[in-house]
Amino acid sequence: MLKLYNTIGREITEFKPIEDGKVSIYCCGPTVYNFAHIGNLRTYFFEDILVKTLKLNGFNIKHCMNITDVGHLTDDGDDGEDKMIKASREKGMDVYDIAKFFEKAFFEDTQKLNILKPNIICQATKHIGDMIKLVKGLEEKGFTYISNGNVYFNTTKFQDYGLMAGLDKQDLNFGTSTELDEAKQNPQDFVLWFTNSKFENQAMQWNSPWGKGYPGWHLECSAMSLKYLGDHFDIHCGGVDHVNIHHTNEIAQTEAYTGKKWVNRWLHGEFLVNKTGKMSKSKDGFLTLNTLIDKGYKALDYRYFLLGAHYRSQLTFSWEALDAGKSALKGIRSRVQSLMKESEVFNINKISDKAAKYKTDFENHINDDLNTPRCLADLWDLLKDKEVSSGEKLAVIEYMDKILSLDLLVAEKELCTDPELLALLDKRNIARGNKDYKSADEIRAQLLTKGWIIKDSPTGSSLERV
RNA sequence: GGCGCUGUACCCAAGUGGUAAGGGAGUAGUCUGCAAAACUAUCAUUCACCGGUUCAAAUCCGGUCGGCGCCUCCA
C-alpha cells in the first residue's frame, strides 16, 4: 500500500488515484533564466523518486512539467546575475534564446542525475492564449478587477482562499520586506495580467483584451495543467516555498474558474540548506551540478547524497557530507562489481524467501512516504547478508535501482583491452615476481602517464582508467 | 511578529511508546614489495535542556533555549 503525505490536511494517507491504474501529476518546473543550483535540483530529484515509486506500484503516469520562460529576463536589479546571461546578451542572443539555453542546460543536469524526463513539457510562452482564456473566464465570473492598468484576482471573492497553507492562522507581515502594491484592494490579491509592468523594459509582451502585456506568474501552472491534465487530477508538487503564495494562488484562480476541486494531493519537497541557510543565487555558495563535477564528483554521488535524507526534511549540504555519499556509492559499486564477477543476475521472480524479504522491505519503505534513507539501509543490509547468493543479490539490487537510479549494475570502470598495454602490465608483474620493484614501479608510472592505473587484487592485476 | 519545520555520535541521517537503522570519518586487525582496493571487528546506557503522563518516552503533553523556512522572485 502506497502512503503519501498531503500538504492539504498535513497528513500521510493512502494514495488512491482518481482513475484506476492511472496517475496524473503536475510538477512546477524551472525558471530558465539561470542555471539550476543543486538545491533546485533536489526538488526534481524528489519528484523523480515519486514518479518512479508510482510506476513501481503499477500506475500509468501522465507527468507534466512547465518551463517558466516568461518574465524575469530584463530584471537587471538582480545582483546574482549569471555571467552566462551577460555573455549571451553580449553575443546578441534574445530572451527566447536565453530561455532555450537554460532549458537545455536544465535537462542536461537532470539527465546526469538519472531523473526521468516528464512526458509532457510545456513552455509558458507557448500557452499565452490558454492563460488569457482563464483570465477571461475569471473576469466573467466576477473574481477580478482592473487597477492601475493590471488585472487582479480578488482573493476575498474566493471562499477557501489559503486553506491548504493555513493562512487564516497566520498573522502575515504584509509589506515589511517589499513595498505594498497600492493598486491592490486586498494585500493578498495578485496580478493575473500586467499591462503596466514594474520592469520598464519587459522583453516579452503579448496582446490581450486588457492591452499589451504579460501574464502574472501563477497563471501558467493553472492554465497548462488544466489543458494537459484536466480540471481534476491526482498530484501537484513543487518546493515548500510555493505553499503560501504560488500554490495558494493557483488553487484560488483555478477552482474559482472551474467551480470545483482541482488537485487531490499536494507534495512539497524541502530545501537543501547551507550552514548559513538556504541556497540562493544571490548568496555565496550557489553551487551547480557542474561545479560539483568540476570538483571531481560524479552526478550520481550527489544523487546518493540526496537519497540519504527524507524529502520533507531540510538537508544540510557540506563537502564532507557529499564526500560521505561519494565513498558510500563507491563501496556499493565495488561490492556489486564483485557480485557480477561471481554470478549472473537471477530472475527476480525465482529468488529465495530470504532474498525476497529485502525486496519487500524495500517496497514497504519506499511506499511509506518515500523513505529513501531506509531504502539505502535495505540495500546495505542485503549487500552484507552472507546467506543470500550473489545472483539473488543482483536481482534485488537491479530491482531497487529502478528507484535509486544509481546505475548500480553498470560497470563503471573502463577496463583496458589494449594488447600492447596489457603486455606492459605482464612485464611489470614478471618484474614484480622477480622482486625487481624498480622496473615494476617504472612501468606503473609509464602506464599512469597513458591514463591507466594498476589495480592489484588476489585474483590478479588489471588496468583501470584514471 | 505570525505560521510551519526542526534539534539524534566527529559529519550526514532514519526512527511506527517497547528499550537507538544505514552511510562516511576514526580506531584495531587481515591482506600487501610498494600503491590502491577489499575484508573483519569496533564505534550513542543515550536522543538540546527542564518538568509531566505511562509498567515503558528519542517518540505523547507543557515549558525553556537554539537552528532553518515562509510571509518578496524563489526549488
Side-chain angles (χ1 to χ4, degrees), chain A residues 7 10 12 27-31 33-34 36-47 68 71-72 75 77-78 80 162 165-181 187-188 217 237-246 248 268-282 304-305 307-310 312-332 334-335 337-338 365 368 371-381 383-384 431-433 435-438 440-441 444 448 453-458 464:
Chain A
T7 307
R10 316 272 160 137
I12 295 172
C27 301
C28 280
T31 48
Y33 64 104
N34 204 337
H37 60 62
I38 58 174
N40 299 131
L41 292 171
R42 185 183 181 201
T43 299
Y44 304 105
F45 156 79
F46 135 66
E47 290 159 354
T68 302
H72 311 302
D75 183 6
D78 187 348
L167 295 186
D168 53 324
K169 286 184 290 185
Q170 300 184 27
D171 183 10
L172 298 167
N173 234 353
F174 298 113
T176 45
S177 52
T178 43
E179 276 180 47
L180 275 179
D181 181 352
Q188 290 174 105
W217 74 287
C237 11
V240 269
D241 53 324
H242 282 149
V243 177
N244 265 13
I245 306 284
H246 184 50
T248 289
H268 293 96
E270 253 297 351
F271 275 136
L272 180 79
V273 296
N274 278 325
K275 285 209 175 75
T276 51
K278 80 170 186 176
M279 193 166 284
S280 115
K281 68 186 170 79
S282 57
Y304 185 95
F305 165 74
L307 284 164
H310 190 260
R312 281 191 291 111
S313 301
Q314 286 181 353
L315 171 61
T316 315
F317 179 82
S318 68
W319 295 107
E320 196 183 359
L322 184 60
D323 282 336
K326 182 182 178 178
S327 299
L329 183 54
K330 197 176 163 196
I332 293 172
S334 124
R335 283 166 189 257
Q337 295 300 312
S338 356
H365 289 138
D368 181 15
N371 194 338
T372 54
R374 275 307 318 205
C375 290
L376 284 183
D378 292 333
L379 171 61
W380 278 101
D381 289 344
L383 282 168
K384 290 187 289 191
R432 192 162 72 119
K435 297 195 190 250
D436 178 6
Y437 300 126
K438 191 166 172 265
D441 288 347
R444 172 158 56 191
L448 196 61
I453 196 158
I454 295 176
K455 290 282 168 84
D456 294 329
S457 77
E464 287 179 2

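Atoms considered below: every heavy atom in the structure, side chains included; atoms not considered: hydrogens, waters and symmetry mates. Residue numbering restarts at 1 for every chain, and letters A, B, ... go by the order of the sequence lines.
- If you take NZ of A:Lys438 and C1' of B:C34, they are 15 Å apart, rounded to a whole angstrom.
- The side chain of A:Asn40 places an N or O atom within less than 4.0 Å of a non-bridging phosphate oxygen (OP1 or OP2) of B:A75.
- Residues meeting the side chain to side chain contact (heavy atoms under 4.5 Å, CB included) test with A:Gln170, sequence neighbours left out: A:Leu167, A:Leu172, A:Asn244.
- Among the heavy atoms of the strands lying under 4.0 Å from A:Lys169 are primed sugar atoms or P, OP1, OP2 only; no base atom is included.
- To the nearest 0.5 Å, atom CG of residue A:Leu448 and atom CG of residue A:Asp441 are 11.5 Å apart.
- A:His242 has its NE2 atom 12 Å from the C1' atom of B:U72, to the nearest Å.
- Counting to the nearest Å, the P atom of B:A13 and the CD atom of A:Gln314 are 10 Å from each other.
- With B:G1, B:G33, B:A13 as the choices, the nucleotide that has an atom nearest any side-chain atom of A:Leu315 turns out to be B:A13.
- Listed nucleotides B:U72, B:A37, B:A13 differ in distance to A:Ala309; the shortest reach to its side chain belongs to B:A13.
- As rounded to whole Å, 9 Å separates atom C1' of B:C34 from atom CZ of A:Arg432.
- For the residue pair A:Asn371 and A:His310, no side-chain donor N or O sits within less than 3.5 Å of a side-chain acceptor on the partner.
- Residue A:Ile453 is out of contact with every strand shown, counting any heavy-atom pair closer than 4.0 Å.
- Counting any heavy atom pair closer than 4.0 Å across all strands shown, A:Phe46 reaches no nucleic acid atom.
- The nucleotide B:G66 finds its pairing partner in B:U6, both defining distances of the Watson-Crick or G-U wobble pair being shorter than 3.5 Å.
- Remark: A:Tyr304 pairs with no residue by the ring pair (Phe, Tyr, Trp, His ring centres under 6.0 Å) rule, at least two apart or across chains.
- Under the rule for a ring pair (Phe, Tyr, Trp, His ring centres under 6.0 Å), the partners of A:His268 that lie at least two apart in sequence or sit in another chain are A:His247.
- Contact annotation: the side chain of A:Arg335 approaches that of A:Trp380 to within less than 4.5 Å [non-hydrogen atoms, C-beta and beyond].
- Projected onto RNA chain B by closest heavy-atom contact, A:His246 and A:Gln170 fall at different nucleotides, the more 5' of which corresponds to A:Gln170.
- At whole-Å resolution of the value, CZ in A:Arg10 and P in B:G69 are 18 Å apart.
- Among residues two or more places apart in sequence or in another chain, the side chain to side chain contact (heavy atoms under 4.5 Å, CB included) test is passed with A:Asp381 by A:Tyr358.
- Using the Watson-Crick or G-U wobble rule with both distances under 3.5 Å, B:G33 pairs with nothing in any strand shown.
- For A:Arg335, the side-chain atoms get nearest to B:U40 when compared with the rest of B:U40, B:C12, B:A75.
- Per the geometry, NE2 belonging to A:His37 stands 16 Å off P belonging to B:C73, to the nearest Å.
- Map A:Leu272 and A:Ser334 each onto its nearest nucleotide of RNA chain B; the residue landing nearer the 5' end is A:Ser334.
- What separates NZ of A:Lys455 from P of B:U32 is a distance of 19 Å, to the nearest Å.
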Which parts of nucleotides 15-30 of chain B does protein reach within less than 4.0 Å, heavy atoms only, written one letter per nucleotide 5' to 3' as B for base, S for sugar-phosphate only and - for none?
S-----BSBSS-----
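- Qualifying ring pair (Phe, Tyr, Trp, His ring centres under 6.0 Å) partners for A:Phe45, counting only residues two or more places apart in sequence or in other chains: none.
- What separates CD of A:Glu270 from P of B:A13 is a distance of 12 Å, to the nearest Å.
- For B:C34, the OP1/OP2 oxygens have no side-chain nitrogen or oxygen of A:Lys435 closer than 4.0 Å.
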